[in-house]
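Note sheet for the following structure.
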Amino acid sequence: MSTKPASTSRRTFLRSAALAALSAPAFAQAADDNDVSKDCIDAHVHVWTPDTDRYPLGEGATKKGMDPASFTPEELFAHTKPNGVSRIVLIQMSFYQFDNQYMLDAMKAHPGVFGGVAIVDESEPDVADTMKQLAKQGVRGFRIYTDKEKAEAWQSSPGMKAMWSCAADAGLSMCLLANPDALPAVQKMCAQYPKTRVVIDHFARIGMKGAVDQKDLDNLCRLADAEHTFVKTSAFYALGAKKAPYTDLGPMIQRLRDTYGAKRLMWASDCPFQVGEGHNYKDSIALIRERLDFLSPEDKAWMLRKTAEKVFFS
């Protein structure tokens, strides 16, 4: 039996209850912050329309090369919404080349849903101005296709230097679809432009020919020395065994997590290619969401939402 006066005990109880009530939302918010069952971000998707009269294809591209013939935002949502993905980073499709209008129109039609990565012509003398104009329309990154030869030529390219400088000043990203052999030259560029944010797509295509080459993975891990470099863990359908549940890619993801930290990794599907024959959307997100035991709830939250949010939606 308590020896304290009843009034004192009652005051103590009420004070404790009030503190608990104040703390509860904070704990709930922290728990929700790591909830990856919803509000995830797919950091790499392409969309296009069969309406090539309104949105003409670039030079050399043909309707025959559009496979599938159509992949509109509405067709994309049929995959993303059932899997808890509410925001998406659109990557300009190659057959539109430097005409980013379809992507921009999709972004305008679905405000808050899409971020954008555009393609610009580095040979244009006003390429930095073009980048800034696109940034005003929600574009946060610029896609660059590169292999060893192209990456080594960046050091003598005025346009590429202008792009990397502009990206550093404006908080934009250089998004590299790089082959593994380009990574040493990419590392030199990162050292030259240490404030430029760099995003490596699809593990730098390591594993496209089958087993993961450890020397290529070593080179990708060396890029972690550049503090503004990020890696997309994506395009599982095209790498390693190229077969769901894609767990053969787990050791590569684990090493990247250990090297970069989850805060510099982001998941992406690479739709519509991820939903081609023999593959589906659910298996792609499930690899990160539930199939890799070494990923903590916080790791998953960064890879499935927070990193892409920071890079492409801020």
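- Residue I41 is not grouped with residue I285 when hydrophobic side chains (ILVMFWY) are merged at heavy-atom distances under 4.5 angstrom, including chains of intermediate members.
- Hydrophobic clustering places V113 together with F71 (ILVMFWY residues linked when any side-chain heavy atoms are closer than 4.5 Å, directly or through intermediates).
- In this model, no donor atom of one side chain and acceptor atom of the other lie less than 3.5 Å apart for Y102 and D51.
- N280 and D283 share a side-chain donor-acceptor pair at under 3.5 Å.
- Y145 is listed as a side-chain neighbour of S94, based on a closest heavy-atom distance under 4.5 Å.
- You'll find the side chain of C271 reaches within 4.5 Å of the side chain of Y281, heavy atoms only.
- Looking only at atom types and distance, the side chain of H202 has a donor-acceptor partner in the side chain of S234 under 3.5 Å away.
- Using a 4.5 Å cut-off between side-chain heavy atoms of Ile, Leu, Val, Met, Phe, Trp and Tyr, with links allowed through other members, L292 and M303 fall into the same hydrophobic cluster.
- Within the structure, every pair that satisfies the salt bridge (Lys or Arg N to Asp or Glu O under 4.0 Å) test and touches residues 229-242, not counting sequence neighbours, is listed here: D201-K232.
- Proximity of T49 to S70: side-chain heavy atoms (C-beta onward) are nowhere separated by under 4.5 Å.
- No side-chain heavy atom of F142 sits less than 4.5 Å from a side-chain heavy atom of V117.
- Using a 3.5 Å distance cut-off with no hydrogens or angles, the side chains of S314 and E309 do not pair a donor with an acceptor.
- Judged purely by atom type and a 3.5 angstrom limit, D213 uses its side chain to pair as donor or acceptor with the backbone of K215.
- Within the structure, the salt bridge (Lys or Arg N to Asp or Glu O under 4.0 Å) test picks out the following pairs touching residues 251-267 (sequence neighbours left out): D218-R255, R257-D299.
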Quiz prompt | Verdict with supporting geometry, V198 and Y193, side-chain contact (heavy atoms from CB on, under 4.5 Å) | solution = CA-CA 10 Å; V198 176; Y193 296 89; over 6 Å; no
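- For K161, the NZ atom sits in a packed shell: over 12 heavy atoms of surrounding residues, nucleotides or ligands are nearer than 6.0 Å.
- Relative to the six-membered ring of F114, R87 misses at least one condition, a distance below 6.0 Å or an angle of at most 45° to the axis.
- For W267 and S284, the side-chain atoms include at least one donor-acceptor pair closer than 3.5 Å.
- Note that CG of L176 is 11.5 Å distant from CZ of R205, once rounded to the nearest 0.5 Å.
- A 4.5 Å side-chain heavy-atom check between I253 and I288 finds at least one atom pair inside the cut-off.
- Both V212 and F294 are members of a single hydrophobic cluster when ILVMFWY side chains are connected at heavy-atom separations under 4.5 Å.
- Side-chain atoms of D147 come within 3.5 Å of backbone N or O of K150 as a donor-acceptor pair.
- You'll find the ring centres of H110 and F77 inside the 6.0 Å limit.
- A distance of 11.0 Å separates CG in L76 from CH2 in W48, rounded to the nearest 0.5 Å.
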Quiz item: Could you walk me through whether H46 and Y96 pass the side chain to side chain donor-acceptor pair (under 3.5 Å) check?
Solution: CA-CA 11 Å; H46 306 278; Y96 289 125; over 6 Å; no
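- No single ILVMFWY cluster, assembled from side-chain heavy atoms under 4.5 Å apart, contains both L134 and I91.
- No more than 12 heavy atoms of other residues, nucleotides or ligands sit less than 6.0 Å from atom CD of E149.
- Between the N100 side chain and the F98 main chain, a donor and an acceptor come within less than 3.5 Å of each other.
- Using a 30° and 60° split on the angle between ring planes, Y237 and H279 fall in the perpendicular class, above 60°.
- A donor atom on one side chain and an acceptor atom on the other are found under 3.5 Å apart for Q155 and Q192.
- Residues T229 and I200 are in side-chain contact: their nearest non-hydrogen atoms beyond the backbone lie under 4.5 Å apart.
- Defined by atom type and a distance below 3.5 Å, a donor-acceptor pair is missing between the side-chain atoms of Q133 and T130.
- The main-chain N or O of V36 is found under 3.5 Å from a side-chain atom of R289 such that the two form a donor-acceptor pair.
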